[in-house]
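Read through the structure below, which is laid out as structure tokens, and then see the notes.
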Amino acid sequence: MNINPFETAKAQLEQAAQIAKLDANKVEQLKFPDRYVEVSIPVMMDNGQQKIFTGFRSQHNNARGPYKGGIRYHQQVNLDEVRALSFWMSFKNAVVNVPFGGGKGGIIVNPKELSVGELERLSRGYIKKIYPIIGPEMDVPAPDVNTTGQIMGWMLDEYQKCSFNSSMATFTGKSLGSGGSQGREEATGFGGVYVFEDVVKSKVVDLPAGSKVAIQGFGNVSTFFAQAVEKLGYKVVALSDSKGGIYNAEGLSYDAVLAHKKSAGALKDFSGAKNISNAELLELPVDVLVPAALENVLTGDNAEKIKAKLIVEMANGPTSGEADAIFEKKGIVVIPDILANSGGVCVSYYEWYQNMKHESWSKEQVLNKLSTQIKQAFADVHERQKKYKTSFRSAAYILAAERIIDAMAA
Ligand code: GLU
């Protein structure tokens, strides 16, 4: 099934707008990005031949502050995906209440097929094309799927050269050596677990210690989510990467899995676990399902088969509109992406702030601040969820839209 994420995003907003009777003109305006660009990036490959890559940057809304959002490297990147992701960033930033609007970028590439040199030239080439429309007060990119602190470092360096602007605050998610913040790497995963903790505490779902968790994905987000949820006493029983997943109903030891992935290069064939497909992982008999990879993995095709009581969306846009309706009918609680994974951009804001003020905060300071801020976001969303007797997704949209519309009106 081919689901357009940009259509999904617009329908999610429309649903919330009708529930809370939001200003129809402003809502209509919010359905479209302010602007987006498509760029072609010539890269000299190691074999001496030039290859042209296509990249995008979408700037959705800046009523609450500079456009802000990551850059994704993936073979399936396309304009509608980038537009949807920039849209979700505006709402995410408003939910977690950081003074940013929403933006997102992407390049159509499988970075695993490039050498380090090719990757650096591609990253610098992208910045050569978009540097006039980014900057600390204009648009602040960050990592997303398949992009890293190292890539942000190359991009920052290229930006500084092209723009004669030496500010480090144009990019976040940088490595510590190039102006990054303590705690940024952990932020998205830990942030999701801080929200999860309060979902359990407020008895939205009954989840005693020992409840089973399946996580789809094995990148930065899932790594820290798995570690933190294990610490709370929950059992991570399944994990997956792009090549497939592993499952052991008695639980997986995260450290052992990590060691296996490092030596074998993939999760599959981990001793003491069964190999499963990514699709099978989603349908396992678990209490909590955590999609932490790409969008549209939960659709009308598999929603009826999902057994979890709680879905924590650590990926952006993992659930289609059809699946959402099925989950609501089945009483499965969905903690939406724009709340669950907002810890990353929240600490991006702290990084930007530290760069602007030439400050440097400790990891403890950063994570404490993150915990307070994201738990407040959950409380704000929960309040609207009860007030409007609606889903957490619509409640999060209502909260965010109220904040963005206020700023637009001002
Ligand atoms: N790519 C992350 C996200 O989707 C982080 C964005 C940022 O830090 O700007 O939320």
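Read the numbers this way: they start at 1 and go in the same order the structure lists the ligands and their atoms. Worth saying up front: this structure is predicted, and the values here are computed from it rather than measured.
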- Message: Please enumerate all residues that pass ring pair (Phe, Tyr, Trp, His ring centres under 6.0 Å) together with Y159, with sequence neighbours excluded.
- Response: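 Checked Y159 against ring pair (Phe, Tyr, Trp, His ring centres under 6.0 Å); zero matches.
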
- With a 4.0 Å cut-off, would you call E283 and K307 a salt bridge?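 Salt bridge: no.
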
- Message: Less than 4.0 angstrom from a charged side-chain N to a carboxylate O is my criterion; do D241 and K268 meet it?
- Response: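 Looking at D241 and K268, the cut-off is not met.
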
- Message: At less than 4.0 angstrom from any atom of ligand 1, which residues have a non-hydrogen atom? List them by chain and residue number.
- Response: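 Around ligand 1, where the cutoff is 4.0 Å for heavy atoms, the contacting residues are K68, G69, G70, M89, K92, K104, A142, P143, D144, R184, N316, G344, V345, S348.
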
- Can you tell me which residue pairs pass the ring pair (Phe, Tyr, Trp, His ring centres under 6.0 Å) test with a partner in residues 84-126, sequence neighbours excluded? H60-F87, F87-F91, F91-Y397, F100-Y349, F100-W352

- Task: Using a 4.5 Å cut-off on heavy atoms from C-beta on, say whether the side chain of I41 contacts that of I52.
- Result: no

- Please list all pairs passing the salt bridge (charged side-chain N to carboxylate O under 4.0 Å, His left out) test where one or both residues lie in residues 126-148, with sequence neighbours left out.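 Listed once each, the pairs are R57-D139, R72-D144, K104-D144, K128-E158.
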
